[in-house]
Amino acid sequence: AQSVTQLDSHVSVSEGTPVLLRCNYSSSYSPSLFWYVQHPNKGLQLLLKYTSAATLVKGINGFEAEFKKSETSFHLTKPSAHMSDAAEYFCVVSDPQAGTALIFGKGTTLSVSS
Amino acid sequence: GAVVSQHPSRVICKSGTSVKIECRSLDFQATTMFWYRQFPKQSLMLMATSNEGSKATYEQGVEKDKFLINHASLTLSTLTVTSAHPEDSSFYICSASLGTVNTGELFFGEGSRLTVL
């Protein structure tokens with residue numbers, strides 16, 4: 001069975017400092033992994049996705065994530081936080097061979113202070 | 001990128017009434033759409049998978065007669081909350097896929113906030 005665990009429910013950083021949002025997954029097969037961002041009262045926007053190509057994935061707004069199979073991790077990073085990055089972030093896993101829809105992590109709230 | 005539009009964005013209704021939420025793919029055809037429910041400060045919970053021209057597939061614990069889903073065309077899926085009660089108050093989000101669900105990107109609507117008085 002698939003699952004995804006976001007290790008931090010809330011992360012606080014100062015503007016200009018690095019961001020690290022942690023995500024571990026469990027999947028029987030080679031999964032596809034995604035990070036989505038949700039701003040208050042809005043839908044979700046795809047930041048980046050891993051689908052068995054390059055393990056280091058670059059996304060929008062300066063975010064990137066590295067797929068590490070040995071650690072079953074897909075952590076999201078950004079070198080320098082911006083105030084506009086404050087939002088809810090979801091790590092999502094899908095398992096093509098299991099034939100199910102996306103499984104969402106519980107989310108990490110990112111706060112950015114000036 | 002592909003655009004998914006949800007309407008209405010906010011709706012307030014009295015207990016016992018029914019509310020319809022529309023989800024449209026504006027510039028692509030979506031064979032499959034998904035309906036999620038999100039409680040405050042929580043993750044998205046998949047309610048059902050909506051397939052054009054066929055019955056929706058509901059997740060365990062989701063009442064089919066309570067949450068009616070219709071996917072009559074390749075660009076429109078509707079969720080009707082029947083006989084709404086205060087506990088149905090929530091943020092409902094739809095999404096659609098361009099290609100194969102499990103390998104492609106999902107495009108999300110802006111969400112619809114339902115408040116039942």
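We name chains A, B, ... by the order of the sequence lines, and we start the count at 1 in each one. Since we're looking at a predicted model, the values are computed, not measured.
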[X] and [Y]: same hydrophobic cluster, using ILVMFWY side-chain contacts below 4.5 Å?
X        : Y       : value
B:Tyr36  : B:Val62 : no
B:Tyr58  : B:Ile21 : yes
B:Val4   : B:Tyr92 : no
B:Leu76  : B:Val19 : no
A:Phe104 : B:Met33 : no

Separation between CZ of B:Phe107 and CG of A:Leu46, rounded to the nearest 0.5 Å =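 It comes to 7.5 Å.
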
Enter the distance from B:Ser43:OG to A:Gln6:CD here, rounded to the nearest 0.5 Å.
->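 Spacing of OG (B:Ser43) from CD (A:Gln6) equals 7.0 Å.
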
Please list, chain by chain and in numerical order, all residues satisfying side-chain contact (heavy atoms from CB on, under 4.5 Å) with A:Arg22, sequence neighbours excluded.
->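 In terms of side-chain contact (heavy atoms from CB on, under 4.5 Å), with neighbours along the sequence ignored, A:Arg22 is linked to A:Leu7, A:Asp8, A:Leu20, A:His75.
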
Does anything in residues 48-70 of chain A pair up under ring pair (Phe, Tyr, Trp, His ring centres under 6.0 Å), and if so which pairs, sequence neighbours excluded?
->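 Ring pair (Phe, Tyr, Trp, His ring centres under 6.0 Å) check on residues 48-70 of chain A returns A:Tyr25-A:Phe67, A:Tyr50-A:Phe67, A:Phe63-A:Tyr89.
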
Step through the shown structure and confirm whether more than 12 heavy atoms of other residues, nucleotides or ligands are within 6.0 Å of NZ on A:Lys69.
->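 Atom NZ in A:Lys69 is not crowded, with 12 or fewer foreign heavy atoms closer than 6.0 Å.
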
A:His39, NE2: over 12 other non-hydrogen atoms inside 6.0 angstrom =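 Check passes, neighbour count above 12.
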
Part of [X] lying under 4.5 Å from any heavy atom of chain A:
X        : value
B:Glu110 : both
B:Gln6   : neither
B:Leu44  : both

Segment of A:Phe90 engaging chain B (4.5 angstrom heavy-atom cut-off) |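 Just its side chain gets close to chain B.
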
In terms of heavy-atom proximity below 4.5 Å to chain B, should A:Gln38 be classed as side chain, backbone, both, or neither?
->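 When you check distances to chain B, only side chain atoms of A:Gln38 fall under 4.5 Å.
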
Check: A:Tyr36 side chain, B:Leu106 main-chain N or O, donor-acceptor pair, under 3.5 Å =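 Checked: pair present.
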
Chain B contacts: which residues in residues 105-114 of chain A have a non-hydrogen atom closer than 4.5 Å to it?
->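 So far as heavy atoms go, A:Gly105, A:Lys106 are the residues that approach chain B to under 4.5 Å.
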
Can you list the residues that meet the ring-ring contact (aromatic ring centres under 6.0 Å, His included) rule with B:Phe91, with sequence neighbours excluded?
->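 So B:Phe91 forms no ring-ring contact (aromatic ring centres under 6.0 Å, His included) with any residue.
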
